[in-house]
Every structure is written in C-alpha cells, then in structure tokens.
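Below is one structure; the comments refer to it alone.
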2 protein chains.
Amino acid sequence: MKKPAQKPADLSAKIAKNIRDAIISGALIVDERLPSEADLSEQFNVSRPTVREALKRLAAQSLIRTQRGATGGAFVNRISFQDAYSQQITTSTLLLSMNDVSFETACEARYTLERACAPLSAERRTADQIATMRTEIFRQSQPNLSDEAFCASDVAFHRALVDGAGNPVLSYQLAGAVEAMQPLMNMITFTTRSRAAIIDLHSKITDALEAQDADGVEAALTALEIYTQKLAADVFAKRVGRKPQ
Amino acid sequence: MKKPAQKPADLSAKIAKNIRDAIISGALIVDERLPSEADLSEQFNVSRPTVREALKRLAAQSLIRTQRGATGGAFVNRISFQDAYSQQITTSTLLLSMNDVSFETACEARYTLERACAPLSAERRTADQIATMRTEIFRQSQPNLSDEAFCASDVAFHRALVDGAGNPVLSYQLAGAVEAMQPLMNMITFTTRSRAAIIDLHSKITDALEAQDADGVEAALTALEIYTQKLAADVFAKRVGRKPQ
DNA sequence: GAGCATAAATTGTCTGACATTTGACTGCAA
DNA sequence: TTGCAGTCAAATGTCAGACAATTTATGCTC
C-alpha cells in the first residue's frame, strides 16, 4: 500500500535535523556509520532521493562524509579546525557583505578581538611565529606588490600574531574576524606612504611581541586600528565627493 | 544522444561550489532568483535530482532559500546575524566536543574574548542591558535552580555583557565562544557555595559596568575565569580519583 | 469591474533503473 | 597453506520520467 499523498513539507530538512540532533546529542559518535540510504529511506518512510538530499545538507556542514564501495556509507565526521575555519570564513564574509556592516564596525570588532590576544601572544609566541611576521613585513615592503597581495600578506601577518597565543580555539574564533575583513580591506587603495606607515606599525608590533611587551603590542595595534579607520574614512570621503549619488 | 557514462565525481558538490562562488563573488546578488531546477540541470548537463542535491547543500548554509509555486524558485538569501549565530554555535559546539579541546583551553579563549569587550561595554552599555544582567543574577540566586538552568542563565548574563559593546560583529563572533562552552560548563556541579561566589562576581561585573569602570570589569572577569578554572580542576580531580582510568 | 475557476510554472516527492566504486569472497595454482 | 586473480555484492552516484502540492497569473463569467 502506497501513500503518494503524504505530507510534503520539506521532509529532507526534517530528516537532516533528526540526524543532526543525534550527532550533537552524542547518540551518534565520531566515525560511526549511518544506516545505508536504502535503510534510512525505509526507517523514515521516504524515498532515497529525499534521504540523499538530507545527507547532502549534513555533508555541507561537514557533519558527515560519504564513501563509496562495499564498506562505504555515510560516517559521522570529526569536524577539524580546518573545516570550521573555512565554514566560518564563508559565513562571516557573506554576513559582512550582505548586511551593510560598516567598515568602522567590522574594523573595531577585528582589532578589539586581536588586542585580546596580545597578552597571551606576548607570553607564548614562538620564534617561528616571529619569523613569519618578519617575512610578511618584508614582503609588504616590496614596491611592486599589488594591493590584493598586500592585503593577503597583511592577513598572514595577523594570523601569525593570533596563532602566537597558542590557543587553537582562539585562533579559530579570530580566523573569521580577520579573514572576513579582507574584502572590505581590498576596497582601500594603499599608497606608498600608507604602506610605509602600516609596515612601520607592523614592525613595532613584532618588536614588542619579541620583547614580550604586551602593552606595546596593544598600543601598536590600537595605533594601527586608528590609522586603518582613517584610511578608510578618506577613501569613502573621496568616493562621496566623486559620486554624490 | 545520451551520455550515461559521464564522469561520476560528486557532481552535486561541484555544482554547489560553482553557485556558491557566484554568490560570494557577487555575480549573484541578494534576492536574485536562480534559474529553475530544470534550467540548471540543462545548463550543467546533469539530472534534476543532482541539481537538487546541490541546492540543498547551499540551503544548509543558508545561502539560498526556496519557494514553491509559479513565481517560486531558489533565491539568494541575505544571511542574517541569527542564521550565522546558530550555524556558528553548532559548529563550535561540535568542534569542542569532538576534538578533545581541554576545558582549560576553551575557558581561556572565552574569557580572553570576553575581556576584550569590557572597554567597549563599559562605554556603551545601555540601561536595558544592565537590567537584564541584574535579572539573571537574581535568577541565579534562586536556591531551587537546576544546574542546567543556572548555566543557561549564566550564558544569558554574559551575552548581555557582550551585547553591551554595541557591535553586532563582536556579538556574533562571541556568541560561538560563549555558547559553545555551555556543554562543557554543564559538566560542573555547582554547589551552593560556588554559586554564591559566581553570583558575587557577576554582581561585581555589573556594578563596574554600570559605573563605566572598564578596569573593574576586566578584573572581575579575570577573577571569574580563575574561579571557573579552579572549579573545573576540582571536578576533574575528583573524577580521576573515582575512576583511575 | 469583481469574483471565481482554470491554467501554468515551479518545487517536492516517488519509483525504478543503471553506473561506479570498493571491499570481500572464492577458487585455482604454486 | 599461501598468493593471486577473477567475480560478486553492497553501497553510493546519477539518470529519467512521473505525479503531487503550491502559488501566481490569466481569462472567463456575471
């Protein structure tokens, strides 16, 4: 007996929620194999395509992975920091670009969070991280560097600073804040003069970090925030001047 | 002419990536309608179920929404802070529970980020937020409160503190850090004595915030972090004592 | 012109089939 | 017994076609 006229109301979303809750609650543990698609379609009394749509939703959140073949199937995925990074960056980037978040607000959030890392980084930074920062500073000083490349190097510099805190949870949380700012930063055209100012502040930050001077790092970060805000304000003022509407 | 033997290699993932990139790059703007599933299946030369799997992946990330009916279809979704919150909390919670992140590390990250908000909150907190915090403190002082309810109130208290900074980006970033801690916090059994100590510190925080004393807020938060870490250490010590392995 | 019935477009779901992949099994030979 | 090759089976990946449900637009009637 078939039931062709069931209750069409986003069944795949319901099934996805059901399985997701099982994973979050711990009823399904890491690396555990889910029933096969055929079994699931029987359990939930839906067709296999519907089950598959549900599984794809979960796969999009990195909650499961699938594997073909005889011993294949869907397995509960251990979410890696890398997975979480990239997801958060995607979400944060779109959130900023779609919601008319002002440069000012995003910039303030970013530097506020980054300053929070200063004490820990000053205490724990490794020689490798200092070296990375100095490498990026050198790269930033190359005159023929494009604005995009300059921004990318800037991100790498700040990530090294954050990673210096030696706390993966902190690094993860800040990855979104720092990287999501990049598209906004890319709107700024960096002149030779402004690059020099930024590089100078980057050097101050690195020096203070090497000297384990937390207050010095914070002060330089604050100066960098103020300078960045000023640059952005100039850009926007010019745009308004050129295009009143 | 059919091509039954194409190139089976996660077509739905490729299509999803294709559309996702178009959204991120701005080629598809908010509220723009995607082609119908039939059109997409023709464009990408795949079947409709495959297209649907791709769309469900995007829906799981809140990148699109779908609507049935004559003028229905898939539309680029404006990601709300609410959407971003819940996604980030899910990811952060699982990240912590699946990766053996120590209580110590997570707690340090959380309070580090929270302290970062202190200066801004001290400056901008509204009367409403102060009132919310005092309400939660009162709730926490009820003797018959369950541990879970106590933790939930704790989260609400700290969210009010963070929201006091008046920066939605900051609130969004910290939501993950604060809420993801809750399952870890729930492992702690709060005695009457420890609740009293926490409530006392919460009061100190609120008082300092009301007085716009940023240093006072930071100091109280640090004290709270130290006390929380001590509570957790005691719990773990007891467990090890009871269960040697 | 207003109201109602119908049509059309689109997503949601089902069914059945085939392709592909990959581990396991079986049987044979050394 | 061991090693190897071929076959098989289970599972996911994909396709095709169909029907159901929903929502809007259209046209017809009064």
Side-chain angles (χ1 to χ4, degrees), chain A residues 1-20 22-23 28 31-77, chain B residues 1-20 22-23 28 31-77:
Chain A
M1 170 185 169
K2 299 178 197 170
K3 310 176 197 167
Q6 272 193 350
K7 38 190 168 170
D10 247 341
L11 290 179
S12 74
K14 285 184 186 170
I15 293 169
K17 176 171 172 23
N18 196 305
I19 299 175
R20 179 166 34 236
I23 295 175
L28 292 170
D31 291 337
E32 186 169 341
R33 184 179 174 284
L34 274 69
S36 72
E37 294 175 356
D39 288 346
L40 287 172
S41 68
E42 204 173 321
Q43 282 181 31
F44 288 105
N45 201 27
V46 298
S47 67
R48 198 159 80 92
T50 302
V51 167
R52 282 181 61 80
E53 286 180 11
L55 293 181
K56 294 314 169 197
R57 287 176 189 263
L58 300 176
Q61 294 183 299
S62 304
L63 292 182
I64 62 170
R65 62 178 184 279
T66 55
Q67 196 180 342
R68 294 223 278 200
T71 59
F75 298 84
V76 178
N77 201 27
Chain B
M1 170 186 164
K2 298 179 197 170
K3 309 177 197 168
Q6 270 194 351
K7 38 189 168 172
D10 246 338
L11 290 179
S12 74
K14 285 184 186 170
I15 294 169
K17 177 173 175 8
N18 197 306
I19 299 175
R20 180 165 35 237
I23 295 175
L28 293 170
D31 291 335
E32 185 170 343
R33 183 180 174 283
L34 275 70
S36 71
E37 294 175 355
D39 289 346
L40 286 173
S41 68
E42 204 174 323
Q43 283 181 30
F44 288 105
N45 200 27
V46 298
S47 68
R48 198 160 81 95
T50 302
V51 167
R52 283 183 60 81
E53 286 180 11
L55 294 180
K56 294 314 167 198
R57 287 176 190 263
L58 299 176
Q61 295 182 298
S62 304
L63 292 181
I64 63 171
R65 62 178 184 279
T66 57
Q67 197 178 345
R68 292 221 275 200
T71 59
F75 298 84
V76 177
N77 201 27

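- Annotation for A:Gln61 and B:Ala60: closest pair NE2-O, 3.9 Å, computed over non-hydrogen atoms.
- Atom CD1 of A:Ile15 and atom CD of A:Gln43 lie 10.0 Å apart (nearest 0.5 Å).
- For B:Arg48 against B:Ala38, the heavy-atom pair with the smallest separation is CD-N, 4.3 Å.
- The separation between B:Leu11 atom CG and C:dC18 atom P is 20 Å, rounded to whole Å.
- Using a 4.5 Å heavy-atom cutoff, the side chains of B:Thr50 and B:Phe44 are not in contact.
- Atom NZ of B:Lys56 and atom CG of A:Asp10 lie 6.0 Å apart (nearest 0.5 Å).
- B:Ala54 approaches B:Ser12 most closely through the heavy-atom pair CB-O, 3.3 Å.
- The closest side-chain heavy-atom distance from A:Ile64 to A:Ile23 is below 4.5 Å.
- For the contact set between residues 31-38 of chain A and DNA chain D, defined by any heavy atom under 4.0 Å, the members are A:Arg33, A:Ser36, A:Glu37.
- Protein atom CZ of B:Arg65 is 16 Å distant from nucleotide atom P of C:dT10, rounded to whole Å.
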Give me, pair by pair, the N or O atoms of the protein and of nucleotides 23-28 of chain D that are less than 3.5 Å apart, along with how far apart they are.
from	atom 1	to	atom 2	distance (Å)
D:dT23	O2	B:Ala70	N	2.9

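- If you take CD1 of A:Ile64 and P of D:dA11, they are 16 Å apart, rounded to a whole angstrom.
- For the segment residues 49-58 of chain A, the set of residues with a heavy atom within less than 4.0 Å of an atom of DNA chain D comprises A:Arg52, A:Lys56, in numerical order.
- Between the B:Arg33 side chain and the B:Gly72 main chain, a donor and an acceptor come within less than 3.5 Å of each other.
- At least one side-chain heavy atom of A:Leu55 sits less than 4.5 Å from a side-chain heavy atom of A:Leu34.
- Within a 6.0 Å sphere centred on CD of B:Glu42, other residues, nucleotides and ligands contribute 12 heavy atoms or fewer.
- At distances below 3.5 Å, not a single donor-acceptor pair connects side-chain atoms of B:Arg65 with backbone N or O atoms of B:Asp31.
- We find that CG of B:Leu40 is positioned 17 Å from P of C:dA9, with the value rounded to whole Å.
- Rounded to whole Å, atom C1' of C:dT15 lies 15 Å from atom CD of A:Glu42.
- The base of D:dT12 lies outside donor-acceptor range of the side chain of A:Arg48, with no N or O pair under 3.5 Å.
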